[in-house]
Undergrad: 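Got a structure for you, written out below as structure tokens; questions coming shortly.
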Amino acid sequence: MALPAFSFEVTVSANDARQDKIQVQIDHGRSSNSASDIARFLQRLGSPPRNWGPVADDYGRIFNRPRRELPPFEAQTIRSRAMQETPHLLPPPLFQGHLRIFGSNRNLPPWSFLTLLSLNPTRFLRHQGLPRPIRQLLSGDSPRMETHLFRREIPLDHFGEFALIESDNWLPSDRFWSKYNSNRFWPDHVRRYLVGAIQLVEGLRIATPVENRFNIQSVETYFEFACSDPIQIVLRLEPYLRSFAAQPVTSQDYPIQAGRPEAVENTRRLSIQTRRGEILKIYAKTNRRIRFEIIHELSGDAFRLSQGGHTFFRIEDALQLLDSLARLATERVNEVLNHFRLRTEPPLEDKSVLQLIIDIQTVCRSQGEAQSILEILVANSSLVVGRGIALGAALDSTLQRLVRRRILVSSNGRYLITSSYRRALCILSGESIDTIL
């Protein structure tokens, strides 16, 4: 997928959405086996001890060895390092997570088996390598795609592009990678990865299975844009993002080893909660692209789906949920881009300070109400409303009239001055115009 160049005029499509991290909980069911049986099962499930020779084939390849063999059993984690105890070095799998086993009462059977998997389709595809012969990607036929579920050695940069956050969960945008990562093939990549990873983990067959055993707990959906100076673009977007929603923007700087050992880049990641269970992040993913990412937290009392649920009998059934979340992420990112566009467009006219005061007084029900609104705008450059904030309830009708008169504009629980009055508000507050964006 060729990356569009970033601008305030760009929009995104659900077809361009890609998934980064997907958290899936697998309920393997219940077992009435004794605690000693469970301990032996965990020993065999974990990686083999050193120098065990041919017997090593009887052990697992996904999980680390258990650290405790008596209940309460500790979580058995998925390997994050290469396994060296076998005749051939086996790299870690292309997913993370852990298995939890717990008793129903006082660490007694029946035992429940739950695995939490952290899957990353983008990282998965980056470690597959391009299909051979590579010219298949340019033909009309679908290339033969193998599924590799363990990490490979991949270059840290691709023709001068390198990651600023993490290292391998981004996809090059040259001719062949764009074909491989195209809208045509992406759903197949996600399906192969989810099914393959879960089949590896579900090799444990000790419990009686349950019906809807797959629970999608969170999904990260992202869109990327090409730009020559992504770090500076993100810094420039921060004041615009602060005015997008009532929730505050948090920022985090990452010192990243980039290229040569002596060269250190710093990238900033912006984050804001856009609705309950939904978070927007904007950051420089590589030295040549920025990423807009929407995180939907689905477990517990979090993001509410308009229809359907997030538990499934087959993991393939979850693909429709990913499509639905991609459409929601598309709407949210386009809303953010439109907000940036409105905040940067030049005003049709610059209203004077006197005109700002008169226009607000004309709309308000009293001089005291007008004074309160002006004082808040001068002090904070915006008004925030929402649950538990008395201002919204007390001034709701007035704020709506100010919006209709195009004095204020509403954005996700935050009211902002429109472009025609920005300079006047800057004069009143004594701030530069950049702080009133």
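Note that the structure is a prediction, hence the values are computed from the model and not measured.
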Undergrad: Report yes if the side chains of Arg40 and Asn33 come closer than 4.5 Å at any heavy-atom pair, otherwise no.
TA: no
Undergrad: Quick one: do Glu166 and Arg123 make a salt bridge, cutoff under 4.0 Å?
TA: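 Salt bridge between Glu166 and Arg123, a charged N being under 4.0 Å from a carboxylate O: yes.
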Undergrad: Centre-to-centre under 6.0 Å for Phe225 and Phe292, is that the case here?
TA: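 Between Phe225 and Phe292, the centre distance is under 6.0 Å.
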Undergrad: Is a side-chain donor-acceptor pair under 3.5 Å present for Arg327 with Ser324?
TA: yes
Undergrad: Answer with yes or no whether the side chains of Thr122 and Asn169 bring together a donor and an acceptor at under 3.5 Å.
TA: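 No pair is found: no donor N or O on one side chain lies under 3.5 Å from an acceptor on the other.
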Undergrad: Is there a side-chain contact between Ile26 and Leu114, using heavy atoms and a 4.5 Å cut-off?
TA: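 With C-beta onward as the side chain, the pair stays apart.
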Undergrad: Whether Arg289 and Glu224 form a salt bridge (side-chain N of Lys/Arg under 4.0 Å from carboxylate O of Asp/Glu) is what I want to check.
TA: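 Yes, charged N to carboxylate O under 4.0 Å.
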Undergrad: Quickly, which of Arg269, Glu220, Lys21 forms a side chain to side chain contact (heavy atoms under 4.5 Å, CB included) with Glu293? Name it, please.
TA: Glu220
Undergrad: Once rounded to the nearest 0.5 Å, what's the spacing between atom CG of Asp157 and atom CG of Asn287?
TA: 9.0 Å
Undergrad: In terms of relative ring orientation, are Phe303 and His296 parallel, tilted or perpendicular, with 30° and 60° separating the classes?
TA: tilted
Undergrad: Any cation-pi pair here, Arg18 with Trp170, using under 6.0 Å and within 45°?
TA: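 Negative - Arg18 is either too far from the ring of Trp170 or too far off its axis.
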Undergrad: When you check the side-chain N and O atoms of Thr418 and Ser420, is any donor under 3.5 Å from an acceptor?
TA: no
Undergrad: Does Leu108 have more than 12 heavy atoms from other residues, nucleotides or ligands lying within 6.0 Å of its CG?
TA: yes
Undergrad: Hey, what's the ring geometry for Phe340 with Tyr240, parallel, tilted or perpendicular (30° and 60° as the breaks)?
TA: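 Judged by the thresholds at 30° and 60°, the geometry between Phe340 and Tyr240 is tilted.
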Undergrad: Given side chains that start at C-beta, do those of His189 and Tyr180 come closer than 4.5 Å, heavy atoms only?
TA: yes
Undergrad: With a 4.5 Å heavy-atom cut-off, do Gln320 and Phe312 have their side chains touching?
TA: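 A side-chain contact is absent here, since even the closest heavy-atom pair is not under 4.5 Å.
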Undergrad: Do Leu337 and Phe6 have side-chain heavy atoms sitting under 4.5 Å apart?
TA: yes
Undergrad: Between the side chains of Arg422 and Ser419, does any donor sit under 3.5 Å from an acceptor?
TA: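 Ser419 and Arg422 do not have a side-chain donor-acceptor pair below 3.5 Å.
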Undergrad: What I want to check is whether the side chains of Arg332 and Asn412 have a donor and an acceptor closer together than 3.5 Å.
TA: yes
